[in-house]
Amino acid sequence: QLQLVEAGGGLVQAGGSLRLSCAASGRTFNSYAMGWFRQAPGKEREFVAAISRNGGKTSYADSMKGRFIISRDNAKNTVYLQMNSLKPEDTAVYYCSADQQYSPYSYCSEYGCYKYWGQGTQVTVSS
């Protein structure tokens with residue numbers, strides 16, 4: 001079992017920045033590609049970003065490219081999401097997720113790939 005705990009959400013004005021973190025425990029963190037998803041009220045959970053086991057490969061949803069940066073520190077069992085130039089439409093609950101991958105260079109951007117999920121952290125962007 002892999003436990004994931006997100007932190008760093010909060011209220012920020014449009015144009016501001018937040019850094020989310022997700023601490024993992026329970027199994028070998030570097031066996032997992034990691035992803036961030038988000039869910040706004042009344043909407044489906046959507047892909048935000050993903051990163052491979054070794055951190056060498058990343059992927060972003062189109063609306064996040066150039067604004068969000070995903071990174072990981074395998075020594076600290078933690079994945080991060082740096083969010084810049086935030087917009088009111090970024091308001092959502094952000095979830096960290098883990099997907100066991102055999103290749104250190106692989107990742108997945110599909111919800112169904114991910115077996116483990118955190119409890120989520122609320123991000124609210126005011127206009």
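Note that the numbering runs from 1 along the sequence shown for the chain.
- To the nearest 0.5 Å, atoms CG (Asn54) and OG (Ser103) are separated by 7.5 Å.
- Each of Val93 and Trp36 belongs to its own hydrophobic cluster when Ile, Leu, Val, Met, Phe, Trp and Tyr are linked at side-chain heavy-atom distances under 4.5 angstrom.
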- Query: Which is it for Lys65 and Asp62 under the salt bridge (Lys or Arg N to Asp or Glu O under 4.0 Å) test, yes or no, and what are the steps along the way?
  - Reply: CA-CA 5 Å; Lys65 288 179 181 177; Asp62 287 343; 3.2 Å; yes
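- Side chains of Met83 and Leu20 form a contact here, defined as non-hydrogen atoms less than 4.5 Å apart.
- Here the side chains of Phe68 and Leu81 are in contact, with some heavy-atom distance below 4.5 Å.
- Among pairs with a residue in residues 32-83, none fulfils disulfide (SG to SG under 2.5 Å), at least two apart in sequence or across chains.
- When each of Glu46, Glu44, Glu6 is paired with Arg38, the salt bridge (Lys or Arg N to Asp or Glu O under 4.0 Å) condition holds for Glu46 and for no other.
- The disulfide (SG to SG under 2.5 Å) analysis of residues 70-107, with sequence neighbours excluded, yields the pairs Cys22-Cys96.
- Looking at heavy atoms from C-beta onward, Cys113 lies out of side-chain contact with Gln101 at the 4.5 angstrom threshold.
- Taken together through direct or relayed side-chain contacts under 4.5 Å among Ile, Leu, Val, Met, Phe, Trp and Tyr, Val48 and Tyr60 form part of one hydrophobic cluster.
- Residues satisfying the side chain to side chain contact (heavy atoms under 4.5 Å, CB included) test with Val12, not counting sequence neighbours, are Leu18, Leu86, Val125.
- Interatomic distance, CG of Leu4 versus OG1 of Thr78, reported as 10.5 Å (0.5 Å rounding).
- Put simply, CD1 on Ile70 and OG on Ser52 are 9.5 Å apart, with the number rounded to the nearest 0.5 Å.
- Checked against Phe37 for a ring pair (Phe, Tyr, Trp, His ring centres under 6.0 Å), the options Tyr95, Tyr114, Tyr94 give a single hit: Tyr114.
- The structure places CD1 of Ile69 at 10.5 Å from CZ of Arg19, a figure rounded to the nearest 0.5 Å.
- The closest donor-acceptor contact from the side chain of Arg72 to the backbone of Gly55 lies at 3.5 Å or more, if one exists at all.
- From Met34, atom CE reaches atom CZ of Phe29 across 4.5 Å, with rounding to the nearest 0.5 Å.
- Looking at every heavy atom in both residues, Lys57 comes nearest to Tyr105 through CG-O, 3.3 Å.
- For the side chain to side chain contact (heavy atoms under 4.5 Å, CB included) test, residues two or more places apart in sequence or in another chain that qualify with Gln13 are Ser126.
- Partners of Lys43 according to the salt bridge (charged side-chain N to carboxylate O under 4.0 Å, His left out) rule, which considers only residues two or more places apart in sequence or in another chain, do not exist here.
- Side chain of Asp90 to main chain of Ala14: no donor-acceptor pair is present (N/O by atom type, distance under 3.5 Å, no hydrogens or angles).
- When only modelled atom types and interatomic distance are considered, Thr28 and Asn30 share no side-chain donor-acceptor pair under 3.5 Å.
- You'll find the side chain of Tyr116 stays beyond 4.5 Å of the side chain of Gln100, heavy atoms only.
- Under the 4.5 Å side-chain heavy-atom criterion for Ile, Leu, Val, Met, Phe, Trp and Tyr, Val123 and Met64 are members of the same hydrophobic cluster.
- The heavy-atom pair separating Ala7 from Thr121 by the smallest distance is C-OG1, 4.4 Å.
- The minimum heavy-atom distance between Ala40 and Ala92, with the atom names listed, is N-CB, 3.8 Å.
- Under the rule for a ring-ring contact (aromatic ring centres under 6.0 Å, His included), Tyr80 has no partner lying at least two apart in sequence or in another chain.
- Taken to the nearest 0.5 Å, the OG atom of Ser59 stands 11.0 Å off from the CD1 atom of Ile51.
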